[in-house]
Amino acid sequence: MQLITETNRNCPMLDIQLLRNQIDSVAARLATRGLVLDVAGFQALEDERKALQTRTQELQARRNALSKQIGMLKGKGEDATAVMAEVGQLGEELKACEQALPGLLERINDFASRLPNLPQADVPVGEDESGNVEVRRWGNPRQFDFELRDHVDLGAPLGLEFDTGARLSGSRFAFLRGPIARLHRALAQFMLDTHTLEHGYTECYTPYIVNREALYGTGQLPKFKEDLFWVLRGGDEEGLEQYLIPTAEITLTNSVREEVLTLDQLPIRLTAHSPCFRSEAGSGGRDVRGMIRQHQFDKVEMVQIVEPGKSDEALEQMVGHAEAILKKLELPYRVITLCTGDMGFSAARTYDLEVWLPAQNTYREISSCSNCEAFQARRMQARFKNAQGKNELVHTLNGSGLAVGRTLVAVLENHQQADGSILIPAALRPYMGGVERIEAPL
RNA sequence: GGAGAGGUGGCAGAGUGGUCGAAUGUACCUGACUCGAAAUCAGGCGUAGGUGCGAGCCUACCGUGGGUUCGAAUCCCACCCUCUCCGCCA
């Protein structure tokens, strides 16, 4: 019998020992995320598990010992029927135990798999985004001496077509044509080059369709299936379920899944430009106008795989890498620390970068950088051999650097001119064939 | 899609249904030798879980899931994946 089944082979996100031994402390920390942990329910399951597992193992030990005896007796040519009768008596209870245990373990695992990561101790406690704390600002929002337009109005004559997208695919899809399509491509290229040439990341091109295990590893499954698009292979409608990636974090982070890395391989810094697919199931009528919230958008993602002692430092660096893009693009932004109630499932600490959008007269999220500590590594079984030669879980971090669609929006709105043209920031011009401004084709 | 081969420890690679959790090599750790290192020699060295103050004892794990058996890495069934060749295809 196997205690580790397919579904629980990936350990729950929280250390199961922590749950067993310090459940009250875990409950208190999760409470800051607005989550009520069913301590009594968990402990009832645990008590049951402990009794059943102990009994199962007792019976197995007995069976193994007797079977070994049978082997020895038969080897010597002696009669083993008495021992075989004895082991036969164990059969029924053992079978019952072995059948009951996996289901119980599965329930415990499912319970634990749906618990989010524990916030770091100094993360501000808050219920929602109102509890987030601003860390710093960069740049001054521009004063306009003409009536400013939003990116939808600015983009329309430049090739930003929402009606075409809707006709092809439905709402929340955009079709880009001409100068705006080129600007979109230039932004992604510029970001990739900056991260690879200046920040030490290795460029990657990754699959956009992944299996369930990968999404479990980074924490999107089992809890957030409704946020994803899932796909089936043609001619194989009964077949394996796979998913479109909601971010390249999935593929970059899972690239070390089930690996035991050596110390000298760390840190690993990866970046990729990819489309991201999100069903936006829970977003209701939010941001229906424009390309702020799309089912498909491009993003340049940064991922770091580091030693546990170095992840805090790595997060600060990674935020700096994302900020560098905004600075080069001359886009005002602010950095905020997400409070406990606003953090994502896998994160122990998250900084959001919010770019100034003049037409909305506010800062909007354009990057999110998180330290997931060992949470994802535990689910992925991504480890390294530490200095003591022991396998230890790595720490994983991910951050957008940046969301390309929203960056496009920010460039349009912040660098718009009175005549509706867009001034291209100097850093981006080499990627635009030297063009200094884009304007509607005649 | 067709035909074949194969999935075993960090890696490589053995394994007649019965002390096989698994030979061997390599990597790694410790010790000896050395001024130091290399080489050499000796020892150690998988993961997870249970139980115990502890040395330890026990259970599970040889791609995944099921089956046969007193007993499965080994036999049977299904599935997944990888590789080679053919076909199709951007």
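All chains are named by letter (A, B, ...) in the order of the sequence lines, taking the proteins before the strands, and each is independently numbered beginning at 1. As a basis for the values below, the full set of heavy atoms in this structure was taken, side chains included, without hydrogen atoms, waters or symmetry mates.
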Pairwise [atom1] distance, [M] and [N] [rounded to whole Å]:
N	M	atom1	answer
G44(B)	A22(B)	P	13 Å
G87(B)	G63(B)	P	33 Å
C89(B)	G4(B)	P	24 Å
C11(B)	U64(B)	P	14 Å
C62(B)	G46(B)	C1'	12 Å
G10(B)	C28(B)	C1'	9 Å
U68(B)	U74(B)	P	15 Å
C83(B)	G71(B)	P	38 Å

Starting the side chain at C-beta, find the nucleotide from [options] nearest to [X].
X	options	result
I70(A)	G18(B), A60(B), G49(B)	G18(B)
S67(A)	G10(B), G50(B), G71(B)	G71(B)
K68(A)	A60(B), C70(B), U19(B)	U19(B)
A61(A)	U51(B), C58(B), G49(B)	C58(B)

Compare every heavy atom of L183(A) with every heavy atom of M432(A), then report the nearest pair and how far apart it is. SD-CA, 3.7 Å

For [X], which contact category applies under a 4.0 Å heavy-atom criterion: base, sugar-phosphate, or nothing?
X	result
K50(A)	sugar-phosphate
L66(A)	nothing
R49(A)	sugar-phosphate

For E46(A) and A65(A), find the nucleotide of RNA chain B closest to each by heavy atoms; which residue's nucleotide sits nearer the 5' end? E46(A)

Upstream residue (5' side of RNA chain B) when R383(A) and G88(A) are each assigned their closest nucleotide: R383(A)

Check the distance between [N]'s [atom2] and [X]'s [atom1] and give it to me in whole angstrom.
X	N	atom1	atom2	value
Q57(A)	C57(B)	CD	C1'	12 Å
N64(A)	U69(B)	CG	C1'	14 Å
R378(A)	A48(B)	CZ	P	11 Å

Suppose we call a contact any N or O donor and acceptor under 3.5 Å apart; does that hold for the side chain of Q53(A) and the base of G49(B)? no

Parallel, tilted or perpendicular: which fits the ring planes of H321(A) and Y201(A), with parallel below 30° and perpendicular above 60°? perpendicular

On the nucleotide G49(B), are OP1 or OP2 found under 4.0 Å from the side-chain N or O atoms that Q17(A) carries? yes

Checking N1-N3 plus N6-O4 or O6-N4 for Watson-Crick, or N1-O2 and O6-N3 for wobble, each under 3.5 Å, the partner of A5(B) is U82(B)

Which one is paired to U40(B), where only Watson-Crick or G-U wobble pairs with both distances under 3.5 angstrom count? A32(B)

What distance do E323(A) atom CD and M318(A) atom CE have between them, rounded to the nearest 0.5 Å? 13.0 Å

What distance separates L402(A) CG from M191(A) CE, expressed to the nearest 0.5 Å? 4.5 Å

Looking at E280(A) and R278(A), is there a salt bridge between them, counting it only when a charged N and a carboxylate O are closer than 4.0 Å?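 Salt bridge absent between R278(A) and E280(A).
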
Polar side chain donor-acceptor pair, S368(A) to D352(A), under 3.5 angstrom: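 Their side chains do contain a donor-acceptor pair, which is all the 3.5 Å distance test asks for.
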
